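Each remark here refers to the structure printed beneath this line.
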Amino acid sequence: MTLYMPLFRSCATSRAVSQLHAHLFVTGLQSDRLASTKLIETYAKMGALKSAELVFENFPNPDSFMCGVLMKCYVWNGFFGEAISLYNNLLYNHTHLTNFIFPSVLRACSGFGDLGMGQKVHGKVIKCGLDSDSVVETSLLNMYGEADSLDDAHEVFDGMSVRDVVSWSSIISSYVQNGQLSGGLKLFREMIMRDQEPDPVTMLTVAEACGELGLLRHAKSVHGYIVRKEIESNGSLDNSLIAMYGKCGDFSSASVLFVNIIHPNTYSWTAMITCYNQNGCYKKALHTFVEMQESNVQPTVVTMMGVISSCARPGWLREGKSVHSYVIRKAIDSACYDLLGPVLIDLYANFGNVKYSRKIFDTIKEKHTMLWNMIISGYGREGLSKEALILFVQMQSLGTFPDSFTLASVLSACGDICFFQFGQQIHGHSIKTGISNEFIQNSLIDMYSKSGFVDSAYMIFDEDQKRSVVTWNSIICGFCQNGNSLQAIILFDQMYSKCLEVDEVTLLIVIQACSNLGYLEKGKWVHHKLITYGVVKDTYIDTALTDMYAKCGDIKMAQIVFDSMLERSAVSWSAIIAGYGMHGEIEAAFSLFKQMLGSGIKPNEVTFTNVLSACSHAGYVDEGKSYFYSMMRDFGIEPTSEHFSCMVDLLSRAGDLDGAYRIIDTMPFPADSSIWGALLNGCRSYRRIDMIRNILRNLLDINTNDTGYYTLLSNIFAEEGDWDEFRMVRSTMRNIGLRKAHGNSAIEIDKRVHRFGANDKSHPQEERQSNCLHVKEGREWWSA
């Protein structure tokens, strides 16, 4: 039979193995135990596992060795369940177990993720008296390490009579792979102290631990040890050292290593590209890829993932498209396109090109949860919230289970379109499935707040025992967005009094709340805290401060903050222009607009809204018209509802009501309540009841929840004594569930804002206030 061994080794295809099998069958040698065992092994190496099983099943009374070979073949091909099943059959048939069986079955247990079965096998090892066998002990060590049971792994390691380099490498690898990086390095030091020479495999693991921890000093020590001890620095170890230096931020050392490799392979080039990416050197990463092509080294899927990331992170769409074309042109491992899909989706999603992202998504066969998350969040970021929700429904219908990131993205989409009912269903699903974390809690607060249900948002916040700064920011922002800026400031005061962490976002929201309330003293206090905390100057915060000071009446301080800004965006210029317009300093607003153009900043829709609003309040009709037409002609900005509202208001205030109506009549979309309201105000001021009657049908067809609009219309009819029309408008309000909003006032006393409203008895000193007013009314009556 030994004469056939070279023939087995020479078999390069399944057909050659089949021919040899036929020859053995004809000559009667297939009944030879060694021949059949070799056939099983050779078939398995060719990937013909079914043929290997047939040989095994047709052999009478296979011994332990033959069973061990088949078990090893199962493990090779990833059939861990079948390997365990074969082991159980051996136990059932009382087959004598040798040390050859246990390494394979232990590997199957770890591959299958069955720690309980592995522990049972460990018990059988002890019963068979093989617990002192070095190969079996190392297999046990590996099994416990891969099953995340470090305590058991260390117990096996401590009980080993002889610890060779393989066992040391195994325990160190177990610690590193389970995230216990410092523990792995500690064991490595212990290994060196015990005079055990590590091999390249050990050093691979140690280099990985140093890289993950970012310990540059340790990394250099490890590299120096390899050089000093002349450990064979094969390709894998060189690549690992390059990756180690890259993660430690020392890409110069990584470059030196790479340059000294005589014939860098695909993995060396990939490691260098990854190194540059990790350190933000995306241009160098792409240049390295070009050099790789010039060296005629073929990239793998992992290489291309790194190159695509080099384009996505800095925002290089053109280069990203070129790399994508290269992938298609070269047909790089098309079977693994599923791996490239996520990074390509991320590339196009970062540029807002959801159309391309969707095309790639649709071509991927195996759509896992992470892939669904990427496409759903991509649609959500681009404001396509409805489409994001449709994708979520498709995801569930295909049987893919959402995780916390999915639910958070869907809740965000619900909040963006105020789809409160669907958001409630997601909330219920989260409770039912137990998928809940801080990410979801914050998303729920945000969703309820954006949908106008800030009380529900506060209930979630109140029940949350572990509130991070993001949670506080979410609820404070929720109150601010829903017109309750006073409550937002009260919550911030609670947060500050408890010495909780606040960040730039917290202070930004509070500045906006102060701006809404006109709470100058509180705004100054926040500004002072920004300075004392040493917060780095930020365009967003400086813009918010400029807006706050302007709205609180301190235009000089607004100008000081604006002048101190290191960078000014279109929003910053818009804020200061709006401030001067608000204060009636129209010429200053015009001057700032010219300065903005001179600085090279292009005005946006908000800038023109602020300029037109300033013209309207100051009565600058010709200038307003000029800016309105310049916006379309010179800057290509299509007028929005706000722009038309400003123009109608401008002409209505000036008495040109016919001109204002002509603008409404020529609008490319139906006028809303703010536009008709501006015209109504003009009609009221200039007593044009005739025009109101002519457009009454248009006025009543408006679908709005703005009580001020209906109140204005009814008051005009009341002033004219037309009580029938007055009652009709008020009846319309009642029919759609609207009530006239009560007036509110706010006053700042001793650095606190107090709010009052008609029939409002919520203030703690309401009784004292009422008595004071009654006394005042009595004095006025007596003096009269």
Side-chain angles (χ1 to χ4, degrees), residues 415 418 442 445-462 467 469-498 500 502-530 538 540-555 557-558 561 571 574-575 578-579 582-583 606 610 705-708 741-758 760-766:
C418 299
N442 295 338
I445 291 170
D446 182 63
M447 183 275 295
Y448 281 120
S449 297
K450 286 180 178 176
S451 301
F453 295 90
V454 72
D455 291 338
S456 299
Y458 186 77
M459 284 177 62
I460 295 168
F461 170 81
D462 199 39
R467 301 168 186 162
V469 64
V470 179
T471 310
W472 281 94
N473 289 348
S474 298
I475 191 63
I476 292 171
C477 184
F479 276 108
C480 192
Q481 288 173 339
N482 283 274
N484 198 343
S485 297
L486 183 59
Q487 184 60 35
I489 291 175
I490 290 170
L491 278 169
F492 169 73
D493 288 339
Q494 290 178 18
M495 186 181 182
Y496 186 78
S497 65
K498 293 177 180 177
L500 299 175
V502 297
D503 59 11
E504 291 89 341
V505 177
T506 319
L507 297 174
L508 181 62
I509 298 167
V510 176
I511 292 168
Q512 291 171 341
C514 294
S515 179
N516 295 338
L517 289 170
Y519 196 170
L520 181 59
E521 287 301 318
K522 192 69 173 183
K524 285 182 176 179
W525 181 88
V526 174
H527 191 182
H528 172 260
K529 290 300 175 187
L530 284 167
D538 178 84
Y540 295 103
I541 290 178
D542 284 343
T543 301
L545 284 168
T546 302
D547 181 66
M548 184 272 295
Y549 279 118
K551 287 181 178 176
C552 292
D554 194 345
I555 191 66
M557 193 63 198
V561 173
V571 181
S574 300
M582 201 184 306
H583 285 261
V606 177
N610 293 340
N705 292 326
D706 183 4
T707 57
H742 295 299
N744 285 288
S745 300
I747 186 171
E748 183 181 336
I749 302 174
D750 294 332
K751 299 182 180 181
R752 287 192 62 191
V753 173
H754 302 266
R755 188 185 293 275
F756 307 94
D760 181 13
K761 298 184 178 181
S762 61
H763 196 278
Q765 297 185 29
E766 186 273 332

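Note that the structure is a prediction, hence the values are computed from the model and not measured. Just the heavy atoms: all of them, side chains too, but no hydrogens, waters or symmetry mates, feed the values below.
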pair [X]-[Y]: side-chain heavy atoms closer than 4.5 Å:
X: V571; Y: Y540; result: no
X: L545; Y: L530; result: yes
X: I541; Y: E504; result: yes
X: I445; Y: S449; result: yes
X: D455; Y: Y448; result: no
X: F453; Y: M447; result: no
X: M548; Y: V561; result: no
X: I509; Y: F492; result: no

K529 and Y496 side chains, donor-acceptor separation under 3.5 Å: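 Present: a donor and an acceptor within the cut-off.
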May I ask you to check whether S474 and N442 show a side-chain donor-acceptor distance below 3.5 Å?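 No.
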Quick one: salt bridge (Lys or Arg N to Asp or Glu O under 4.0 Å) partners of K450, sequence neighbours excluded?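 Only D416, D446 meet the salt bridge (Lys or Arg N to Asp or Glu O under 4.0 Å) criterion with K450.
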Given the rule in the side chain to side chain contact (heavy atoms under 4.5 Å, CB included) test, do Y549 and I555 qualify, once you have shown the distances and angles that lead to the verdict? CA-CA 6 Å; Y549 279 118; I555 191 66; over 6 Å; no
Atom [atom1] in [X], atom [atom2] in [Y]: separation rounded to 0.5 Å?
X: K551; Y: S515; atom1: NZ; atom2: OG; value: 4.0 Å
X: C514; Y: H527; atom1: SG; atom2: NE2; value: 12.5 Å
X: F479; Y: S485; atom1: CZ; atom2: OG; value: 11.0 Å
X: I511; Y: D547; atom1: CD1; atom2: CG; value: 10.0 Å
X: T506; Y: M495; atom1: OG1; atom2: CE; value: 4.5 Å
X: W525; Y: I489; atom1: CH2; atom2: CD1; value: 10.5 Å

Working for side chain to side chain contact (heavy atoms under 4.5 Å, CB included), residues D554 and K524: CA-CA 11 Å; D554 194 345; K524 285 182 176 179; 4.3 Å; yes
Start with the C-alpha distance between V469 and L500, add both sets of side-chain angles, then the distance that settles side chain to side chain contact (heavy atoms under 4.5 Å, CB included), and finish with yes or no. CA-CA 8 Å; V469 64; L500 299 175; over 6 Å; no
Inspect the contact between D462 and R467 and indicate whether a charged nitrogen and a carboxylate oxygen are less than 4.0 angstrom apart.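 Looking at R467 and D462, the cut-off is met.
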Ring pair (Phe, Tyr, Trp, His ring centres under 6.0 Å) assessment of W472 paired with F461: CA-CA 8 Å; W472 281 94; F461 170 81; 4.9 Å; yes
Closest non-hydrogen atom pair, A488 against A513: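 Reported closest heavy-atom pair: CB-CB, 4.4 Å.
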Minimum heavy-atom distance between S451 and G415, given as atom pair plus value: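 Where S451 meets G415 most closely, the heavy atoms are OG-CA, 4.4 Å.
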Counting heavy atoms not belonging to D503, are there more than 12 under 6.0 Å from its CG?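 Counting other residues, nucleotides and ligands, CG of D503 exceeds 12 neighbours.
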Side chain to side chain contact (heavy atoms under 4.5 Å, CB included), that's the test. Do D493 and K522 meet it? Break it down for me. CA-CA 11 Å; D493 288 339; K522 192 69 173 183; 2.6 Å; yes
